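A short worksheet on the structure shown next.
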There are 4 protein chains.
Amino acid sequence: MTVLSLRPQAIPGRRERVRKATQRKADELLQTAAALMAEKGFEATAIRDVGRKLDASLAGMYYYFKSKEELLYQIQYRTFASLLQAQQQIAERPGTPKDRLRRLLIGHLTFFTSHPNEMKICTYELESLTGEYYNTVLELRRRYYRLMADLVAQLMTGPARKARASAHSRRVTLFVFGMLNWAFTWYSQAKDGTAEKLGGEMFDLVINGIGLEPLNR
Amino acid sequence: MTVLSLRPQAIPGRRERVRKATQRKADELLQTAAALMAEKGFEATAIRDVGRKLDASLAGMYYYFKSKEELLYQIQYRTFASLLQAQQQIAERPGTPKDRLRRLLIGHLTFFTSHPNEMKICTYELESLTGEYYNTVLELRRRYYRLMADLVAQLMTGPARKARASAHSRRVTLFVFGMLNWAFTWYSQAKDGTAEKLGGEMFDLVINGIGLEPLNR
Amino acid sequence: MTVLSLRPQAIPGRRERVRKATQRKADELLQTAAALMAEKGFEATAIRDVGRKLDASLAGMYYYFKSKEELLYQIQYRTFASLLQAQQQIAERPGTPKDRLRRLLIGHLTFFTSHPNEMKICTYELESLTGEYYNTVLELRRRYYRLMADLVAQLMTGPARKARASAHSRRVTLFVFGMLNWAFTWYSQAKDGTAEKLGGEMFDLVINGIGLEPLNR
Amino acid sequence: MTVLSLRPQAIPGRRERVRKATQRKADELLQTAAALMAEKGFEATAIRDVGRKLDASLAGMYYYFKSKEELLYQIQYRTFASLLQAQQQIAERPGTPKDRLRRLLIGHLTFFTSHPNEMKICTYELESLTGEYYNTVLELRRRYYRLMADLVAQLMTGPARKARASAHSRRVTLFVFGMLNWAFTWYSQAKDGTAEKLGGEMFDLVINGIGLEPLNR
DNA sequence: GATGAATGAGCTTTCATTCAT
DNA sequence: TATGAATGAAAGCTCATTCAT
């Protein structure tokens, strides 16, 4: 590393600056769109409104994405991909299945509390996508489902309980997703505490619910 | 046929017959609208499409309701009122709190399996209502929430556990609603059995989850 | 026929009157659209402009046809079907092949002088149609081509000239259509006389051109 | 390589090289634009599409011409000017009027077969130009018309036929242009042979058609 | 009761064109 | 010489709603 190498980093070329600004604008756009769509739904949100909120022209929006559906797709794809990656890392960290379930629940809720709009859209607007868009996001969703479902199945089919538990675990997984996803409608940091606390309570309910001992903590 | 049958109730006058036919048509309309709105969402459903599906004219629809929003309101109001009434009766039947929770869960799921479209709309489209419409349905929803919440609170604040349980019960109630409402997205009679069975599993999870003994059965 | 039968004709019901008025409006619409499209081309003509010219709202236009392309299709289909039928009748009337060619040329030009806009659109805007619309009109066009082509072939393959004439007749037919269709760009009743006269001159050129004696007249 | 080659013409300066490269690019652009416009029409062709086909940026296109209309004008002007010049030279070559007509027809069709897109645009898109653009191209077109019209008039007003022939010659000229211009819609080298052959057939039809003896050949 | 006809408002999308760099 | 970013204008189309009958 010579002193010279500082230059490109310290004084980025115009090209580079422009690229970054554009990227920033695209991100801002996705975020604003997500906020509006989370509030009013995809159908009821007009691209005009997104533009208005950003002081950008309607036509200008189309410089950044090529259709309204593609915008929705971008939101869902990025969010889901990011969630999936984060949760996969969390699941891979060492620990018992119970530990991992607990971390996943908290991880999900943490992600949700920092990106509530995007998560709401992922949860409720998959059906607004069609064709390839739909299939691609559906695939991510399925992988995320499997992550949780495998863990639940593992917990429920421990040594002593093989028999009917496995047939049951699909529904327990879906109960868990129900608890997680419904949180959009009521969660309030003030009333309900942190994602960590909420996730802990959910974990306890489930672990007890399926007849296992909760963690010592 | 006895003479009694000559009485007006038995041979209704034209007026009465017409009123009934109108009522029947209105019901059909609500049901069809519910089916379409459940499938595509309120915003994305055009009154035209409802008419088309019933072989009725577009303008004709406006004889039965005065705006699209009113149509949505009718669906939600009737469904919620009917659900609430049914569940209140169920809750009033004798039995322990545990019994009653179990019956409510099963009652809810049974109602849902026989009116999935209407229930889906109640669950997801409250925010599409405004003003008085919104407030009226919200009030029903709150009453329904209380019905369940009170029972959960009662179960969680039994003799030995007063302390922290009560602070907790709000969230348990909402977990329960999450499990119930999310069922829209996955329940299949073929895969998951009857509402009774599903409700039973949910009940077991919750009762165990909050540290109570399940029912003897 | 009794006197009673006069009534329905003399005092048509409201239903009937409305139907006729609607039909009249639809025809007017097609005619106005044809005028604009003939002047500026299909692409460059806005439905808005058609509406404006008729003092009808933009949305109102869509009560009468379901897309801009369908409007273009209607114009072309009706015009071509009408021309084809008229010319088929003309071709079937008794006479020598020469007589019939003469009548067809005059018939074509007569039709053109009374529906110049529609004919121009048929001539230049087939490629603006797609899918079924395109295929249907193309089929009419082909039938019309055959009507003329068969006659030309017949004239050119008389007793003494079978040999190379038939190979040639395709192009002569297309030369004829060129003369007919190009007339859009220059024909003026004042300068060039009636369709009858113009058709006569064209006939003479062609008949002489292919080495036959003109008609005695 | 002689010393002479050192002269500026032989080793062009940077300026000169750049000018040529620009010229080459502009030509490529005109050609590509002509191809697209011939296929889809002027209105329906987007400058974007031209750029895309050349891997050039949209904004970059505007370095070479200042508006879409100017692009269309360039195509028409260059093509017409070039055709006119070529045909004037052909007309000036020695020979009888018949010879000259024959050469002109073949010349026209030859030019058309080597620049079908440009010719199609000249034929069908004059009306898409306005103001000065329109007038300038119209003037070229008129000069071209006169070239042909004068010749036809000369042929038709030979010694024995002065009388009605001259009144007639306008229409014969326009019949000829009809045959020539309509060829866009059907000419196929495979089916119809060379421009020379096609022009010959057209010549024969016309010469016979107006009652003259064809050339001996 | 029911409907044919009509419309205002609004939506998504496209496009020619500009401008700073 | 060339382009990324941006926009005003306008297009096709849809939809909830009305109204005379």
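Note that the structure is predicted; figures quoted are calculated from it, not measured. Chain letters run A, B, ... following the sequence lines, proteins first and then strands; every chain starts at 1.
Nucleic acid contact for D:Tyr64: sugar-phosphate only, since backbone atoms but no base atoms lie under 4.0 Å from a heavy atom of the residue. Looking at heavy-atom distances under 4.0 Å, D:Ala46 makes contact with sugar-phosphate atoms alone, never a base.
Rounded to an integer number of Å, the gap from A:Ile47 CD1 to E:dT14 P is 12 Å. Note: NZ (D:Lys66) to P (E:dA16) measures 16 Å, nearest angstrom. D:Arg52 has its CZ atom 18 Å from the C1' atom of F:dA2, to the nearest Å. Rounding to whole angstrom units, CZ of residue B:Arg24 and P of E:dA2 are separated by 11 Å. Atom CE in B:Met61 sits about 12 Å away from atom P in E:dA2, given to the nearest Å.
Nearer to the 5' terminus of DNA chain F, by closest-nucleotide assignment, is the contact made by A:Thr22 (compared with the other of C:Leu58 and A:Thr22). Mapping D:Ala59 and A:Tyr62 onto DNA chain E via the closest heavy atom, the residue that lands nearer the 5' end is A:Tyr62. Where C:Arg48 and A:Ala56 meet DNA chain F, the nucleotide closest to each residue was compared, and A:Ala56 sits on the side nearer the 5' end.
Side-chain contact annotation: A:Ser128 with A:Glu125, donor-acceptor N/O pair under 3.5 Å present. Side chain to side chain, A:Asp27 and A:Gln31 fail the donor-acceptor criterion of an N or O pair below 3.5 Å.
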